[in-house]
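The structure appears right after this line, and notes come after that.
Since the structure is predicted, the reported quantities are computational estimates derived from the model, not experimental observations. Just so we're on the same page: letters track the sequence lines, and every chain starts at 1.
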Amino acid sequence: MPEGPTIVLMKEQLLPYIGKDIILTQGKTNFDLHHLKGQTLKDIRLLGKQTFLILENAIIRIHLLMFGSYETGQATKPAKNLKLGLIFENGGMFFYTCSVKLIDKESFSHIDWEADVMSKIWNPQKAKEKLLAHPNMMVCDALMDQDIMAGSGNIIKNEVLFRIGVQPESTIDALPQAKLENLLSEVRNYSFDFLKWKSQNTLSKHWQAYQQKICPQCGGPITKKITGHSKRNSFFCKTDQELYN
DNA sequence: TGCCATGTTAAACT
DNA sequence: GAGTTTAACATGGC
């Protein structure tokens, strides 16, 4: 169950199959899997929560959504949930309960790779311009917007806002310049902390606001509230986080 | 046990 | 037809 960093970890598991030929396909997709057989997996690219499998003659987009899961090597989960299985000479990759789509070259060529907060070409300046183009946008929505900050999700949103001391319903135009810069740097910083803690299986131990009841700084209550157009739960401290609007 | 959730899409509304 | 809301997906943790 994925935000961007989880997908970065998934990609590491998929790397051994780059350069290998697909010898068998499995699963149930809304396109014909048959023509994938025999193709080489040329590359794997990520944009936030999306994974692109670049084949010789097709591009497949995988999105794990909320409940999706994957395995590499051998498939062990119930076949009825298998959306896509690709078998290579050295093992397979299996994606369950997720979205699997064929992407045409045209739309693939228009992807803004610089929007991925974990990418080495992440472009916070460009993200800032996109944010400023939506002055009334609430920061809780900004941090869920996959066109602006691809890979950020509800956990990252809440933890970033706690770190920078800003309440989720603050708006972009009311945010002091320094806080905006803060937001852009912490969304990347926290994503890499997320990656580190996730790989150590200690992610939830490090939550300061998300799913918390007591503020670790002031000892006061953490407020839980559905916020923004994205209508996702926000967790925040009214004392240690300022509302700018 | 039952409820809720790291997310997006498409159907079903207005 | 547009914009908006709801349901679906179906697992795992508390």
Given C:dT5, B:dT6, C:dA10, which nucleotide is nearest the side-chain atoms of A:Phe194?
->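 Nucleotide nearest to A:Phe194's side chain: B:dT6.
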Identify which nucleotide among B:dG7, B:dA10, C:dT11 has an atom closest to any side-chain atom of A:Met144, counting heavy atoms from C-beta outward.
->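 Nearest listed nucleotide: B:dG7.
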Using Watson-Crick or G-U wobble geometry with both distances below 3.5 Å, tell me the partner of B:dT6, or none.
->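 Base partner found: none.
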Counting Watson-Crick and G-U wobble pairs only, both distances under 3.5 Å, name the nucleotide matched with C:dA10, or none.
->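 Matched C:dA10 with nothing under the 3.5 Å cut-off.
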Starting at [atom1] of [X] and ending at [atom2] of [N], how long is that distance when rounded to a whole Å?
X: A:Gln211; N: B:dC4; atom1: CD; atom2: C1'; value: 8 Å
X: A:Phe67; N: C:dG13; atom1: CZ; atom2: C1'; value: 12 Å
X: A:Met66; N: B:dT9; atom1: CE; atom2: P; value: 14 Å
X: A:Gln50; N: B:dG7; atom1: CD; atom2: C1'; value: 11 Å
X: A:Ile155; N: C:dG13; atom1: CD1; atom2: C1'; value: 12 Å
X: A:Leu65; N: B:dG7; atom1: CG; atom2: P; value: 10 Å
X: A:Met118; N: B:dT6; atom1: CE; atom2: C1'; value: 14 Å

Side chains of A:Thr40 and A:Asp21: donor-acceptor distance under 3.5 Å anywhere?
->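 Looking only at side-chain atoms, A:Asp21 and A:Thr40 do form a donor-acceptor pair, the distance falling under 3.5 Å.
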Verify whether one side chain among A:Asn154 and A:Lys157 offers a donor that lies under 3.5 Å from an acceptor in the other.
->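 The criterion, which ignores hydrogens and geometry beyond distance, is satisfied for A:Lys157 and A:Asn154.
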Just by modelled atom types, is the A:Ser119 backbone N or O under 3.5 Å from a matching donor or acceptor in the A:Arg188 side chain?
->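 Answer holds: yes.
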Aromatic ring pairing A:Tyr70/A:Phe95, orientation class (parallel under 30°, perpendicular over 60°, tilted between) =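 Rings of A:Tyr70 and A:Phe95: tilted, as their planes differ by 30° to 60°.
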Is there a side-chain polar atom (N or O) of [X] under 4.0 Å from OP1 or OP2 of [N]?
X: A:Arg232; N: B:dC4; value: no
X: A:Asn154; N: B:dG7; value: no
X: A:Asn233; N: B:dC4; value: no
X: A:Lys49; N: B:dT6; value: no

Mind checking the C1' distance from B:dT6 to C:dT5? Whole angstroms is fine.
->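 Result for the C1' pair: 23 Å, nearest Å.
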Name the nucleic acid region contacted by [X], choosing base, sugar-phosphate or nothing; use a 4.0 angstrom heavy-atom cut-off, strictly under.
X: A:Lys224; value: sugar-phosphate
X: A:Tyr210; value: sugar-phosphate
X: A:Thr97; value: sugar-phosphate

First of A:Lys77 and A:Lys231 reached from the 5' end of DNA chain C, by closest nucleotide =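 Per heavy-atom nearest nucleotide, the more 5' residue is A:Lys231.
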Using the benzene-type ring in the case of Trp, are the ring centres of A:Trp113 and A:Phe108 under 6.0 Å apart?
->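 Centroid separation for A:Trp113 and A:Phe108: below 6.0 Å.
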